[in-house]
Engineer: 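Shown below is the structure under consideration.
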Amino acid sequence: MKISEKIKLKKEKKATSSGAITQQNIEESREEIIAKGKKFKYPFQYAKHRLIISAILIGLVAIGAFTFVGWVQLYKAQNTGEVMYRFTRTLGLSVAEVDGVKVRFSDYLMLYRSSIASVERQQGKFDNSDTSKQQLAYYKRQALTAAEDYAFAMAKLEEAGKSVTEKEIDEVIEEHKIIDGEKRSDEAFEGIIKDNFGLSINEYRRLIMLSLAKKKASVEFDKDAKALIEEIAAALAENSNMEELVKKYQDNDAIGYEVVDSVEFLNLDSGRAAMASTLENVGDISNYFVSKNGDGYYIVKLTGKTETKVSYASIWVRFKWLDSEMAKLREDGKVTEKIDLNVDEEISTEEDTEAEKEETENSGE
């Protein structure tokens with residue numbers, strides 16, 4: 001080896017040993033650092049994965065516990081409070097099924113809570129007495145039955161290719177805003193609805209939608225009521241004596257007759273006073289029309305009229321289709337309920353009369 005080569009080799013060894021930066025020692029340093037980092041990297045990743053898995057498991061357990069407690073509160077304890085009501089609205093839970101049609105738990109609670117609010121406004125709060133418990137149980141039964149009727153009616157209406165429109169709901173609300181001859185503002189009306197029924201305006205719209213669906217389904221499917229009212233209208237065209245005509249139908253429980261003396265044009269009587277006010281002369285008879293609360297057909301005869309009030313006689317043909325259909329479905333075991341109310345629906349309470357009449361008229365049921 002030449003002397004110059006020996007000197008060059010000695011210099012390279014000296015540079016390497018003295019810490020000079022070369023491509024070789026950079027690679028060696030990099031590999032050394034990576035090797036040292038691995039012993040920290042992998043334990044950290046493992047701990048991170050464990051943390052994520054633990055968080056997921058805790059979340060699932062919490063959701064399961066919350067669901068179980070909610071289920072117990074709703075279906076076993078039958079909690080009807082505000083929190084449970086909102087819970088049912090959010091999750092869309094069902095409280096019963098009618099021939100495969102789900103009945104919304106939120107509809108049942110809305111009907112029940114509005115009934116209770118209306119009754120308590122008149123008679124005071126319910127207490128823990130046996131009488132109050134019996135009354136509350138009765139109103140639960142009544143609300144669940146109504147919710148089942150509404151669900152079935154809506155399903156049948158949908159089968160017929162029809163529905164309730166927002167415009168129809170708006171029209172009913174505009175009518176309801178007129179109280180004692182004065183039209184209330186939106187804010188005032190919402191306050192009245194809240195005070196009387198404990199409902200927000202959106203909940204009230206839902207209540208109106210349900211009642212209109214029931215009404216429209218009855219008009220669509222109750223052929224017997226339609227045939228009967230047309231028969232009565234034809235008979236009155238020949239002989240306008242309502243009282244005499246009604247005697248021929250005295251054994252028919254679908255027909256009612258009433259004489260009303262001197263009420264305001266906008267009296268809450270299913271639209272009879274309003275219809276009578278459109279008649280010009282005493283003795284005039286209206287065409288048949290569907291009642292505002294959707295319970296049947298009416299024909300009215302004007303018996304007296306002033307500038308603001310009317311007197312009239314009316315014949316009512318009640319819708320029976322829905323009651324008959326629901327009775328048959330219950331008899332055939334096609335109505336299944338997820339809560340056990342164990343209350344006879346026929347039980348009567350002193351509060352039924354005035355409170356229910358007022359709620360029915362105001363809700364457009």
Side-chain angles (χ1 to χ4, degrees), residues 73-89 95 104-150 172-173 175-182 184-208 210-211 263-264 266-270 292-293 295 337 339-365:
Q73 286 294 308
L74 283 173
Y75 294 101
K76 294 300 179 182
Q78 295 182 25
N79 187 322
T80 61
E82 180 74 15
V83 173
M84 287 296 103
Y85 174 46
R86 301 300 169 188
F87 181 72
T88 60
R89 291 189 66 187
V95 68
R104 288 190 184 186
F105 215 124
S106 57
D107 284 345
Y108 155 66
L109 288 180
M110 178 182 68
L111 292 166
Y112 170 72
R113 287 164 58 85
S114 64
S115 294
I116 296 306
S118 179
V119 173
E120 289 186 332
R121 181 178 62 85
Q122 298 184 50
Q123 71 171 30
K125 295 288 185 180
F126 288 99
D127 53 32
N128 290 322
S129 66
D130 290 340
T131 300
S132 288
K133 290 177 181 178
Q134 290 174 0
Q135 291 174 355
L136 290 173
Y138 167 73
Y139 284 117
K140 283 183 179 180
R141 176 69 267 170
Q142 190 180 57
L144 182 53
T145 298
E148 291 165 353
D149 290 351
Y150 285 137
V172 172
I173 288 183
E175 291 177 359
H176 289 182
K177 285 181 181 178
I178 301 174
I179 302 172
D180 296 330
E182 178 184 351
R184 307 304 171 93
S185 67
D186 291 344
E187 294 76 12
F189 183 69
E190 289 177 18
I192 292 170
I193 295 303
K194 187 68 175 178
D195 291 341
N196 287 304
F197 306 112
L199 299 175
S200 68
I201 190 63
N202 288 333
E203 291 166 334
Y204 192 66
R205 290 181 69 86
R206 173 71 182 176
L207 183 59
I208 291 173
L210 293 173
S211 62
V263 294
E264 299 285 343
L266 297 178
N267 186 54
L268 293 177
D269 54 7
S270 299
K292 290 289 186 181
N293 63 12
D295 61 357
E337 297 176 348
I339 57 175
D340 183 14
L341 297 181
N342 194 27
V343 178
D344 185 356
E345 190 179 1
E346 299 301 320
I347 296 174
S348 62
T349 63
E350 296 179 359
E351 294 79 20
D352 289 348
T353 53
E354 295 303 323
E356 289 174 11
K357 280 184 181 179
E358 182 176 347
E359 181 175 357
T360 297
E361 294 290 355
N362 279 291
S363 66
E365 180 176 318

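These numbers were taken from a predicted model, which means no experiment stands behind them. Scope of the values below: all heavy atoms of this structure, side chains included, with no hydrogens, waters or symmetry mates.
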Engineer: Return the OG to CZ distance between Ser118 and Arg113, rounded to the nearest 0.5 Å.
Structural biologist: 14.0 Å
Engineer: Could you pull out the closest heavy-atom pair between Gly198 and Ala117, with the gap in Å?
Structural biologist: N-CB, 3.9 Å
Engineer: Would you please test Val95 and Arg104 for side-chain contact (heavy atoms from CB on, under 4.5 Å) and show each step?
Structural biologist: CA-CA 6 Å; Val95 68; Arg104 288 190 184 186; over 6 Å; no
Engineer: I'd like to know whether Lys140 forms a side-chain contact (heavy atoms from CB on, under 4.5 Å) with Thr80, so could you lay out the CA-CA distance, the side-chain angles of the two residues, the decisive distance to 0.1 Å, and finally the verdict.
Structural biologist: CA-CA 10 Å; Lys140 283 183 179 180; Thr80 61; 4.0 Å; yes
Engineer: Could you report the tightest heavy-atom contact between Ile201 and Glu190, atom names first, then the distance?
Structural biologist: CB-CG, 3.9 Å
Engineer: Pair Gln134, Tyr139 - check side-chain hydrogen bond (donor to acceptor under 3.5 Å, both in side chains), show working.
Structural biologist: CA-CA 9 Å; Gln134 290 174 0; Tyr139 284 117; over 6 Å; no
Engineer: Can you measure from OG (Ser106) to CZ (Phe87) and round to the nearest 0.5 angstrom?
Structural biologist: 12.0 Å
Engineer: Looking at Asp340 and Lys76, is any side-chain nitrogen of the basic one under 4.0 Å from a carboxylate oxygen of the acidic one?
Structural biologist: no
Engineer: Give the minimum heavy-atom separation between Ile193 and Leu199, together with the two atoms involved.
Structural biologist: CG2-O, 3.4 Å
Engineer: For the residue pair Tyr108 and Glu337, confirm or rule out a side-chain donor-acceptor distance under 3.5 Å.
Structural biologist: no
Engineer: With rounding to the nearest 0.5 angstrom, report the CZ to CG distance, Arg121 to Asp195.
Structural biologist: 8.5 Å
Engineer: Between His176 and Val172, does a side-chain contact (heavy atoms from CB on, under 4.5 Å) hold up when you go through it step by step?
Structural biologist: CA-CA 6 Å; His176 289 182; Val172 172; 3.4 Å; yes
Engineer: When rounded to the nearest 0.5 angstrom, what is the spacing between CG in Leu111 and CD1 in Ile116?
Structural biologist: 11.5 Å
Engineer: If I compare all heavy atoms of Lys133 with all of Asn128, which pair ends up nearest, and what's the gap?
Structural biologist: CE-O, 3.3 Å
Engineer: Test side-chain contact (heavy atoms from CB on, under 4.5 Å) on Val119 and Phe126; report intermediate values, then the result.
Structural biologist: CA-CA 9 Å; Val119 173; Phe126 288 99; 3.8 Å; yes
Engineer: I need the minimum non-hydrogen distance between Arg184 and Ile179, along with the two atoms involved.
Structural biologist: NH2-O, 3.6 Å
Engineer: CG/Leu109 to OH/Tyr85 distance, rounded to the nearest 0.5 angstrom?
Structural biologist: 7.5 Å
Engineer: To the nearest 0.5 angstrom, please state how far the CD1 atom of Ile339 sits from the CD atom of Gln78.
Structural biologist: 4.5 Å
Engineer: Please find the pair of heavy atoms, one from Leu210 and one from Tyr150, that lie closest to each other, and give the distance.
Structural biologist: O-CD2, 3.3 Å
Engineer: Apply salt bridge (charged side-chain N to carboxylate O under 4.0 Å, His left out) to residues Glu203 and Arg89 and explain how you reach the verdict.
Structural biologist: CA-CA 11 Å; Glu203 291 166 334; Arg89 291 189 66 187; 3.3 Å; yes
Engineer: Does the side chain of Ser132 pick up a donor-acceptor pair with the side chain of Ser129 at under 3.5 Å?
Structural biologist: yes
Engineer: Between Asn267 and Val263 (side chain of the first, backbone of the second, donor and acceptor by atom type, cut-off under 3.5 Å), is there such a pair?
Structural biologist: no
